[in-house]
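Since this is a predicted model, take the numbers as computed values, not measurements.
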Amino acid sequence: MRRRLQKCFCLLLSLLLVLGTLTACSQSAEKTDNNTVTGNSGKEEAGIYDGIEPLETETELNFGYLTGSHHGMIIYMIDKMGGYEKAGIRANIETFGNGPVMVEAMASDSWDCGTIGLGGVLTGVISQDMVVIGAAARDYDSLRIFAKNDSDVVSAGNTLKDFPDIYGTADTWKGKEILIPTGSTLHYVLSTGLSKFGLSDTDVAMTHMDVPGINTALRANKGEIGALWGSFTYADEMKENYTVVMSANDLGIELPTVMCANPRSYEDPAKYKAIKKWMELYFATVDWIYSSEEHFDKAVEMFTEINEEAGATGTLEENRTVLENNRHYSLSDNVKLFNEKTEDGSMLLIEAMHNDPLLFYIKNGSYQKGDDTKLLGGYFKADIINEIAAMKE
């Protein structure tokens with residue numbers, strides 16, 4: 001009797017172990033976290049997209065964004081998590097070194113929509129009627145100008161009473177060669193900083209380079225002063241050899257990056273629907289990122305992955321700092337920016353965030369009088385933002 005009970009117990013235990021193994025395997029194949037299911041394609045079909053209806057007709061969209069950018073990473077995340085497939089979008093993604101170069105590519109219809117910064121907005125709207133359709137992410141903290149620790153700009157220390165974190169004097173800045181993507185947000189930061197010393201762009205020698213190239217040059221100790229953005233600015237190697245001598249934050253500059261569209265794509269009915277669907281995916285992804293620490297950690301991992309694939313290497317902690325200090329805009333943020341006006345009622349809030357820097361550029365001679373009139377000519381469009389918001393009500 002005792003042997004029979006032992007035999008039955010062993011058989012029962014074996015069955016329980018088999019069932020447990022099968023259950024664990026099943027769960028492992030289906031779930032990667034509380035919100036994500038991994039499909040046979042290897043891509044992640046996230047539950048965050050379950051409420052998004054697919055397009056009636058599958059549509060191809062070509063996306064553009066800037067290498068290493070935190071605003072562009074959402075485009076990448078949607079692809080990795082299977083959002084485009086679910087929404088009926090055939091996505092082709094291309095990266096660019098800076099905004100003006102991305103705008104040049106738009107002339108040949110290389111991209112339909114994407115994300116871009118201040119330099120790209122000004123160039124795109126004024127020269128090619130580019131449409132601004134949403135606010136993507138804040139772009140304040142990681143816009144920084146670096147100088148070698150042994151530079152006389154650094155040794156001069158902080159000499160401006162109203163801007164105590166800005167380094168140098170007019171004399172130490174004059175004639176300096178600065179590696180920088182001209183026409184970009186970093187150019188605006190530099191111009192603003194120089195103006196605090198009574199200087200203009202013509203008082204320094206700007207050498208145009210893409211940010212990844214500047215990062216490589218500075219790490220190789222080739223260049224006294226250079227401008228960086230994104231995760232490049234938080235690298236430990238930069239802290240060892242260089243000092244931040246100017247930054248957007250320290251100058252009180254608040255800049256957004258935006259979602260933009262090729263005007264021809266925006267006017268195409270099928271493309272318009274697909275672009276709207278992309279923006280739905282974008283806001284759903286942003287909400288997911290900031291809904292929990294677990295999701296934020298996953299976003300940091302994916303941001304690091306995209307940077308590595310694009311050759312913009314950075315550690316998890318560096319990329320985490322970028323995302324912590326430059327939050328993405330939510331749908332509700334966008335409704336406000338694209339519908340509410342400045343106190344004098346002259347322009348939308350999102351327009352003012354671009355017009356103020358443009359007026360500065362016009363004063364400096366980088367843009368012409370009348371360009372501000374063009375900028376405010378109806379190219380910041382709330383149509384898609386308001387349509388998505390209405391769907392959520």
Side-chain angles (χ1 to χ4, degrees), residues 46 48-66 69-94 102 106 111-117 120-121 124-125 130-139 256-291 299 327-339 348-351 353 378-393:
I48 54 173
Y49 305 134
D50 285 350
I52 296 177
E53 294 294 327
L55 295 167
E56 294 182 1
T57 303
E58 187 180 51
T59 305
E60 182 177 39
L61 275 186
N62 297 314
F63 294 96
Y65 71 93
L66 309 185
S69 65
H70 61 295
H71 47 90
M73 68 171 262
I74 304 295
I75 295 173
Y76 170 90
M77 286 184 65
I78 296 170
D79 185 45
K80 287 294 184 181
M81 296 196 293
Y84 296 126
E85 290 180 7
K86 182 174 179 58
I89 295 173
R90 295 196 309 276
N92 303 308
I93 303 174
E94 184 174 358
M102 181 170 157
M106 183 179 66
W111 55 270
D112 299 299
C113 57
T115 63
I116 206 165
V121 172
V125 171
M130 187 182 77
V131 182
V132 180
I133 53 178
R138 293 157 181 83
D139 199 16
T257 58
V258 304
M259 288 175 264
C260 56
N262 183 322
R264 291 168 292 282
S265 304
Y266 184 82
E267 295 299 330
D268 181 282
K271 294 278 190 182
Y272 181 93
K273 290 180 181 179
I275 292 171
K276 176 181 174 181
K277 195 61 60 177
W278 163 59
M279 290 177 67
E280 287 184 59
L281 295 167
Y282 195 103
F283 292 127
T285 306
V286 169
D287 289 343
W288 180 82
I289 289 173
Y290 297 108
S291 64
R327 286 178 64 93
H328 295 80
Y329 290 105
S330 65
L331 176 59
S332 60
D333 292 330
N334 271 266
V335 170
K336 178 179 181 179
L337 291 173
F338 277 78
N339 288 280
L348 297 170
L349 295 179
I350 189 67
E351 290 176 324
M353 296 175 82
Y379 296 97
F380 292 78
K381 297 185 181 294
D383 299 6
I384 296 179
I385 292 294
N386 291 340
E387 288 171 12
I388 295 175
M391 291 166 49
K392 303 293 183 181
E393 293 179 354

Can you confirm whether [X] sits close enough to [Y] that some side-chain heavy atom of one is under 4.5 Å from a side-chain heavy atom of the other?
X	Y	result
Lys276	Met391	yes
Thr285	His328	no
Met353	Leu349	no
Val121	Cys260	no
Ile52	Lys86	no
Val258	His71	no
Ile78	Tyr49	yes
Lys271	Asn262	no

Looking only at heavy atoms, what is the nearest atom pair of [X] and [Y], with distance?
X	Y	answer
Met279	Gly134	CE-CA, 4.3 Å
Asp287	Ser330	OD1-CB, 4.4 Å
Ile385	Leu331	O-CD1, 4.1 Å
Pro263	Met106	CD-SD, 4.0 Å
Asp268	Ala270	OD1-N, 3.0 Å
Gly88	Leu55	O-CD1, 3.6 Å

Point to revise | Pair Phe380-Val132, side chain to side chain contact (heavy atoms under 4.5 Å, CB included): steps then yes or no | key: CA-CA 5 Å; Phe380 292 78; Val132 180; 3.6 Å; yes
Review point. Going by atom types only, do Glu94 and Asn62 share a side-chain donor-acceptor pair under 3.5 Å?
Key: no
Exercise for review: Classify the side-chain pair Tyr282/Asn334 by whether it contains a donor and acceptor separated by less than 3.5 Å.
Suggested key: no
Check your understanding: Quick one: is the NZ or CZ of Arg138 closer than 6.0 Å to the six-membered ring centre of Tyr329, and within 45° of its axis?
Key -> yes
Out of curiosity, [X] [atom1] to [Y] [atom2], how far, rounded to the nearest 0.5 Å?
X	Y	atom1	atom2	answer
Trp278	Ile384	CH2	CD1	9.0 Å
Ile116	Asp139	CD1	CG	12.0 Å
Thr59	Arg90	OG1	CZ	7.5 Å
Met77	Ile48	CE	CD1	7.0 Å
Ile275	Leu61	CD1	CG	6.0 Å
Glu387	Glu280	CD	CD	9.5 Å

Exercise for review: Could you walk me through whether Phe63 and Trp111 pass the side chain to side chain contact (heavy atoms under 4.5 Å, CB included) test, one step at a time?
Suggested key: CA-CA 5 Å; Phe63 294 96; Trp111 55 270; over 6 Å; no
Check your understanding: Between Asp333 and Arg327, does a salt bridge (Lys or Arg N to Asp or Glu O under 4.0 Å) hold up when you go through it step by step?
Key -> CA-CA 11 Å; Asp333 292 330; Arg327 286 178 64 93; over 6 Å; no
Check your understanding: Has the side chain of Thr257 got a donor or acceptor atom that lies under 3.5 Å from a matching backbone atom of Ala137?
Key -> yes
Check your understanding: If only atom types and distance count, is the side chain of Tyr84 paired as donor or acceptor with the main-chain N or O of Ile75 below 3.5 Å?
Key ->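 Yes, Tyr84 side chain to Ile75 backbone: donor-acceptor pair under 3.5 Å.
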**Study point:** Stepwise side chain to side chain contact (heavy atoms under 4.5 Å, CB included) check, Phe338 with Ile133
**Key:** CA-CA 9 Å; Phe338 277 78; Ile133 53 178; 5.9 Å; no
